[in-house]
Every structure is written in structure tokens, then in C-alpha cells.
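Worksheet: one structure, shown below.
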Amino acid sequence: MNKNDCFKLKITDMGVDGEGIGKYDGMTFFVKDALIGDEILARALKLKKNYGYARVEEILTPSPYRVEPKCPIHRQCGGCQIQALSYEKQLEFKGEKVRNNLLRIGGFSEEELDQVMEPTVGMDEPYRYRNKAQFPVGKDKEGNLITGFYASRTHSIIPVTDCLLGVSENEEILLAVKNYMQKNHIEPYDEKTGKGLIRHVLIRFGFTTKEIMVCLIINGTKLQNQKDLIDALTKIDGMTSISFNVNTRNTNVILGDRTECIWGQSYITDYIHLREGKDFTTTDTAIAYRISPQSFYQVNPEQTEKLYSLALEYAGLTGQESVWDLYCGIGTISLFLAQKAKQVYGVEIVPQAIEDARNNASINGITNAEFFVGKAEEVLPEFYESHKGKDDTMSRPDVIVVDPPRKGCDRLCLDTILKMQPVRVVYVSCDSATLARDLRILCDGGYELKKVRPVDQFAHTGHVESVVLLSQQKADDYLEVEIDLDELDATSAETKATYEEIKKYVAEHNDGMKVSNLYIAQVKKKCGIELGQNFNLPKSENAKQPQCPKEKEDAIVEALKAFQMI
Ligand code: SAH
């Protein structure tokens, strides 16, 4: 096989970003825009030792899951990787993605996942769902002013005035901005030269209030004839906030530090309703949020209501509980929780967001939520150390909710959660790989996976959000511990080889196979080797823990034999 060779390829799987995967001549190929079930003529683009990248030359037999994409430019634009896949199949793919990460990275077993995984929560109508859009402004080859989106993995702008994921109001707003620029001879920003003024147009839309915010991100400190812009934009129904944000740096980060409101309020308001039951029926219970241009706010309001309602349901509150909400942003989940709990503590790294959170509590008349600025991995241990034994509300909460960014929770944060021993942990995640990693740590530390529910916040893209419930294993079937296994091994008469030595032996003799401490302990127990007093194995037979697969058990037994432990 050489670069540029064409070959027939059956797409049998899908990668994490929705790319098609097929096998040919012992090699695995990744193909953008090919869907599971397609038979294609592929052209090899890049070849590595046993895998490669190819592109679709021709679709020979289309996949049964293929649908006509609504957007004519979905292939060029970087936004929607899987728009050509039927929505039901998209939801299935996202569920599989979460499941596979929990299996491979989290080490949970198929049986365990069968019991806890629930189907992905989808949308009724998966278009026009985004309440926020950021359009870069530039010029096309002929020098015409354009707004649009970056083509995938590039910085060249594909002209778009009406993205089908965004609200239809965007089109009129972009037109008004372009007219203003043309009339006043204002140039778009050019990344190469660093010249030009307008970089991006940020638009936010309150789905429940119909309030609109427009913020122009500019490479300068003022807008000429800004009255022209205001006149044009205020003709649009719902216009509530017009501002500019100063970003004069040569950077890919969209927003700069300073925002100046030039008309109306500096924020828009939106409501998030509580939803109930299996069908997520909207209730009258709602919380109002003020959103400023810089605040983090979930982009899909319909699904956010479902996500937060699930998080609240999983928290299982009766009104008596104390709850920590870590990575709380502008207090969105915290205020939902506060309505049903005795006391909520929120932690967030961005000071402006905490200011918004406090304001949001106040406009909703919520007095039982307190917010702290700082890193979760610093604030939580500090409070735990200073309040343990004195104030259980803070140091021994009933529930801890976490909603970290993609990199997941810091180890120190997880370790503190384990020390605080809440009855339940609710984990909201936007990256199922780091979720799986963190869940393993929590489960090894004494928690049991109860529910996993993916929620489709980003239809047509490869991303998936999940909400997970963990509960503490009961004291009578779990002995809780903090021990260094190697220390235990070195001093106890139970072993001859340390866990690390066993792992090394297994890997070396089984093609790099990885085994966890838990599996080693399970096999040791099976072989009649007594474990250290506190080792965290469930006492009752039916307590749920991942069980060591046969293949790994055999490998560990081999190692134990080699070290003459059995
Ligand atoms: N729960 C909120 C925000 C979730 S996004 C909501 O649903 O709207 C994740 C948040 O974590 C962001 O607001 C980000 O600023 C914050 N964050 C990132 N790293 C953090 C850290 N180490 N400690 C606390 N907050 C952090």
C-alpha cells in the first residue's frame, strides 16, 4: 500500500470524533465523513506501521444509517462531524462511546455496566438548539467581507450566515454587523498581519426570555460611529445587551479581559426549568440566571434542563442535606440543589463567575447557598482540614456534586471527597475518558457505580455529556481504607512479591497486559492468600465490584506461581 492508493473499504466502527473506521490488509484506517455501515472507495492519505488515514473517494454502498444532512456545507465546516448519521444512531454511538471508556479506562465490567447504564437522553428536534454562537469575521479570496466558521483544523473561514444549530436570529444580526462595517469602512481582523478591527461576533440568545446579547470582539479599544451599529441592532426584536470586548493579543483565545457595554444591560437573563419524570416534562419551578458575555453557560438549554434535573434527582435530596457543588460556574447546578437541600457550598476558580453565582442566588431569593472562589483541589481540602470533627455540615456533607472541565477532577480533590465520605457523589462530565479514570479512583476508594446516563448536549458532533450517580458502599459490606499497598506488602507476611512486581511480571509475560490492584487482590483471595486487614474487598459476595476477567486471572495466577506464593 502506498500513499494515494485507492481501495475498497467497509466501515465497521466509529472513532471518538465520529470518524469511520475500517480494516484493510491488516491495517486499520480512519476515514473522516465515512459512516459505520458504508462501503467506500478510499484513498490512502497517511500511512503508519499498522494504521492509516484515508479519505472518501466515492461512497459505493451507503450505510443504512445515512440520512440527507440538512446543512449543505457540513463537510467543509468543522462543527458537525456526524450530521449525516441518523439521530437515533448518533445517540447509540454516544452511549457506546461512554460505555467503551468505562470499560477500557475505568476497568468496569460488562455486567456491571449492563446494570447501571441507561440510554442516552436525546433531543426532540436536534436542530437550532444552541443559545450561543461565535462567528469569526474575515475576507474571502475576492476581498468580500464574510462571517462564518473555521473549516475543520484550519483558520480559514467558511462563509455561514445561518448555521442550523444556532437560532435563526443570528442571520439578521450578522447582516447588521456587516452593513455597519461596510458603511464605516471598518476592516475585519487579519490574523497574519495583526491589523483590522473586528475579530468575532458573539451572540447569545435567552430561549425562555427571547433576550439577545451581541458582543463584538475587537482588536482595539473603540468602535467608530458606534451609534450606527446600535441603531441597526436595536431594530431587532429582543435586543437587550450590546457590548464590545477588547482583545488585542495575537492569540486563538476568542475573548479578551475587558468588556464594555455600549447599549442596554451588560447581561441577559434566562430561566432553567426543572423537568420531571421519564419524559422530562417541564415544570413551573424555574431559576433565573444572569449571563454576561464572559460567563460559562451551557449552550443547549433544552438538554441542560434535563441534565440538571437528572443531577438533582441523583442527589436524592429531602431538604436536610448539606451539599458541595464543585466547579460550580455561575451557580447553575448549585441553585437547583439549594431548593431541595439544607445548605449548598459552591466552589469555582473564576472570580467573576462566583460574583454571578452570588447575584443569581440573590435574584432568586436563595439564601442557603454559599460560594467560594478557588481551585476545588485547594478549597475542599482546606475546609475539610479546618472543619473536621467540628462542623459536619462542611466536612461531612451528604452529597458532593462535581462538574469539572474536560481534564476531569484533580487527584487531590478526589482524595478529599473520599475522606469526606458523602453518602452520594453525582459526577457531571463532558469527557467520558477522564470521567472513567476518576470513577475508578472513587470506586476503588469505597463507592459503587449506581447510574450512568449520557445526555446529548451537542447533537451532530462527537461530544457527549454524562451524569453519574455513585453511592457509598454500606459499612457492613465494605471496610474502608487508606493504605499504601506496597508498604503493606513489604511488612506483611502475606506476600512475597509486591503488587508492583506482580503487575510488572504480568505485563512482561502477557504482551503488556495491565492488571489493577483490585484484580490482584481478588485473585490472591481466591488462591487462599490472606490479605492485609483493611484491604478494600467487599465482604458480601453480591456487593458490586468489577470482577477480574478470566484471562487476567490466569496471568496473575502465573505470576503468583512464579513468585512462589502459591
Ligand atoms: N457547573 C457549571 C459549570 C461547569 S463548567 C455549569 O453547569 O454551568 C466547569 C467549570 O469549572 C468552569 O466554570 C471552570 O471555570 C471551572 N473550573 C475549572 N478548573 C477548576 C478548578 N480547578 N477548580 C474549580 N473550578 C474550576
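Remember, it's a predicted structure, so these values are computed and weren't measured experimentally. We use all heavy atoms of the structure for the numbers below, so side chains are in, but hydrogens, waters and symmetry mates are not. First listed ligand is number 1; within each ligand, the first listed atom is number 1.
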Where on Y297 is there a heavy atom closer than 4.0 Å to ligand 1, on the side chain, on the backbone, on both, or on neither?
neither
Run the side-chain donor-acceptor check on residues 322-333: report pairs under 3.5 Å with partners two or more places apart or on a different chain.
from, atom 1, to, atom 2, distance (Å)
S322, OG, T393, O, 3.0
W324, NE1, M394, O, 2.9
D325, OD2, S334, N, 3.0
D325, OD2, S334, OG, 2.5
T332, OG1, Y308, OH, 3.4

In this structure, atom 23 (N) of ligand 1 is nearest to the protein heavy atom A376 N, 2.9 Å
Side chain to side chain contact (heavy atoms under 4.5 Å, CB included) partners of Q294, counting only residues at least two apart
N245, L255, T259
Cation-pi geometry met for K70 and Y127 (6.0 Å, 45°):
yes
List every atom of ligand 1 that sits less than 4.0 Å from any heavy atom of E377, numbering the atoms from 1 in the order shown and giving each element.
22 (N)
May I have the step-by-step check of salt bridge (charged side-chain N to carboxylate O under 4.0 Å, His left out) for R99 and D114, ending in yes or no?
CA-CA 9 Å; R99 190 187 172 97; D114 284 345; 2.8 Å; yes
Note the single closest protein heavy atom to atom 19 (N) of ligand 1, along with its residue, its atom name and the distance in Å.
P405 CG, 3.9 Å
Could you tell me whether some N/O pair between E348 and ligand 1 is separated by less than 3.5 angstrom?
yes
Starting from atom 21 (C) of ligand 1, find the nearest protein heavy-atom neighbour and note its residue, name and distance.
Y327 CE2, 3.6 Å
Within reach of ligand 1, part of V350 (heavy-atom separation under 4.0 Å)
side chain
Under 4.0 Å, heavy atoms only, figure out whether ligand 1 is touched by the backbone of A353, its side chain, both or neither.
neither
Applying a 4.0 Å heavy-atom criterion (strictly less than), which segment of T332 is in contact with ligand 1: side chain, backbone, both, or neither?
side chain
If you measure only the distance, is there a donor-acceptor pair under 3.5 Å linking the side chains of N359 and E355?
no
